[in-house]
Chemist: 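Would you mind keeping the following structure in view while I ask a few things?
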Amino acid sequence: QVQLAESGGGLVPAGGSRRLSCAASGRTLSSYATGWFRPAPGKEREFVTVISYGGRVSYYAESVKGRFTISRDNDKKTVYLQMSSLKPEDTAVYYCAASMGGGSRSAEYDYWGQGTQVTVSS
């Protein structure tokens with residue numbers, strides 16, 4: 001079992017930056033690819049980004065590419081999401097999730113955090 005806890009959400013002005021953290025407890029997070037998702041119209045959870053278990057490979061949704069950066073520190077069992085040039089449409093609850101495989105579909109992920117709210121004001 002892996003327990004995930006997100007933090008770092010809050011109110012951010014448009015154009016601003018915010019760093020989210022996803023801290024793991026239980027089994028080591030270093031065995032899992034870790035992704036970030038957020039709700040979207042018509043979807044339960046929209047893929048944002050994912051990083052491989054070793055941290056060498058990452059993928060991003062087109063909507064955040066060039067603005068968001070995912071990273072991880074396996075010694076600290078934490079994955080980070082650095083968000084920059086934030087837009088009002090980035091407003092959402094952000095969830096981190098862990099998967100043995102990793103991908104863009106939420107169904108591929110076995111463990112989920114409770115989410116952290118990010119609100120971008122215009």
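All values reported here derive from a predicted model rather than from experimental measurement.
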Chemist: Do Val48 and Val120 land in one hydrophobic cluster if side-chain heavy atoms of ILVMFWY residues count as linked below 4.5 Å?
Modeler: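 Val48 and Val120: one cluster.
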Chemist: Tell me the closest heavy-atom pair linking Asp90 and Ser85, and the distance in Å.
Modeler: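 Scanning both residues completely, I find the closest heavy atoms to be OD2-O, 4.4 Å.
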Chemist: List the atom of Trp36, the atom of Cys22, and the distance in Å for their closest heavy-atom pair.
Modeler: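 Scanning both residues completely, I find the closest heavy atoms to be CZ2-CB, 3.6 Å.
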Chemist: Please tell me whether Leu86 and Leu11 are part of a single hydrophobic cluster in this structure, the criterion being side-chain heavy atoms less than 4.5 Å apart.
Modeler: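 Each belongs to a different hydrophobic cluster.
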Chemist: List in chain and number order the residues that pass side chain to side chain donor-acceptor pair (under 3.5 Å) with Ser52, two or more places apart in sequence or in another chain; answer none if no residue qualifies.
Modeler: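 Listed in chain order: nothing, the list is empty.
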Chemist: Which heavy atom of Leu29 sits nearest to which heavy atom of Leu4, and what is that distance?
Modeler: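 Closest approach of Leu29 to Leu4, heavy atoms only: CD1-CD2, 3.9 Å.
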Chemist: Could you see if Met100 belongs to whatever hydrophobic cluster contains Ile51? Use Ile, Leu, Val, Met, Phe, Trp, Tyr and a side-chain cutoff under 4.5 Å.
Modeler: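 Hydrophobic grouping puts Met100 with Ile51.
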Chemist: When you measure from the side chain of Arg72 to the backbone N and O of Gly55, does any donor-acceptor pair fall under 3.5 Å?
Modeler: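 The answer is no, because no donor-acceptor pair under 3.5 Å joins these two groups.
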Chemist: Can Val64 be reached from Val50 by stepping across I, L, V, M, F, W or Y side chains whose heavy atoms are under 4.5 Å apart?
Modeler: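 Cluster IDs for Val50 and Val64 differ.
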Chemist: Please confirm whether the backbone N or O of Gly9 pairs with a side-chain atom of Arg18, one donor and one acceptor, at under 3.5 Å?
Modeler: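 Between the backbone of Gly9 and the side chain of Arg18 there is a qualifying donor-acceptor contact (under 3.5 Å).
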Chemist: Please say whether more than 12 non-hydrogen atoms of neighbouring residues, nucleotides or ligands are located less than 6.0 Å from CZ in Phe68.
Modeler: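 Above 12, so yes.
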Chemist: Indicate the atoms forming the closest heavy-atom contact of Gly113 with Tyr95, along with that distance.
Modeler: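 What the structure gives for the nearest pair is O-CD2, 3.6 Å.
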Chemist: What heavy-atom pair brings Tyr109 and Ser99 nearest, and what distance separates the two atoms?
Modeler: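 Smallest interatomic distance, heavy atoms only, reads CD2-CB, 3.4 Å.
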Chemist: Measure the spacing between NZ of Lys77 and CD of Gln3 and express it to the nearest 0.5 Å.
Modeler: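 Answer for the NZ-CD pair, Lys77 versus Gln3, is 9.0 Å.
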Chemist: Report yes or no: does Glu6 contribute a side-chain atom to a donor-acceptor pair with the main-chain N or O of Gly115 at less than 3.5 Å?
Modeler: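 Answer holds: yes.
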Chemist: Do Gln117 and Thr91 come close enough that some side-chain heavy atom pair is under 4.5 Å?
Modeler: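 Yes - at least one pair of side-chain heavy atoms lies under 4.5 Å apart.
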Chemist: Distance check, rounded to the nearest 0.5 Å: Leu20 atom CG versus Gln82 atom CD?
Modeler: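 It is 8.5 Å, given to the nearest 0.5 Å.
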Chemist: Is it the case that one hydrophobic cluster holds both Val79 and Val2, taking links as side-chain heavy atoms less than 4.5 Å apart, direct or via other members?
Modeler: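 The answer is yes; both residues are in one hydrophobic cluster.
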Chemist: Please round to the nearest 0.5 Å and tell me the distance separating atom OH of Tyr53 and atom OH of Tyr32.
Modeler: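 One gets 13.5 Å once the value is rounded to the nearest 0.5 Å.
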Chemist: Between atom OG1 of Thr116 and atom CZ of Arg38, what is the distance when rounded to the nearest 0.5 Å?
Modeler: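 The OG1 atom of Thr116 sits 14.0 Å away from the CZ atom of Arg38.
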Chemist: Using side chain to side chain donor-acceptor pair (under 3.5 Å) as the criterion, list what pairs up with Asp73, not counting sequence neighbours.
Modeler: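 If we apply the side chain to side chain donor-acceptor pair (under 3.5 Å) test to Asp73, skipping adjacent residues, there are no hits.
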Chemist: Of all the heavy-atom pairs spanning Ala33 and Gly101, show the shortest one and how long it is.
Modeler: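 Heavy-atom minimum between the residues: CB-O, 4.1 Å.
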Chemist: Working to the nearest 0.5 Å, report the span between OH of Tyr59 and CD1 of Ile70.
Modeler: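 Between atom OH of Tyr59 and atom CD1 of Ile70 there are 12.5 Å.
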Chemist: For the atom pair OH (Tyr60) and CG (Leu81), what is the distance rounded to the nearest 0.5 Å?
Modeler: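 Output value for this atom pair is 8.0 Å.
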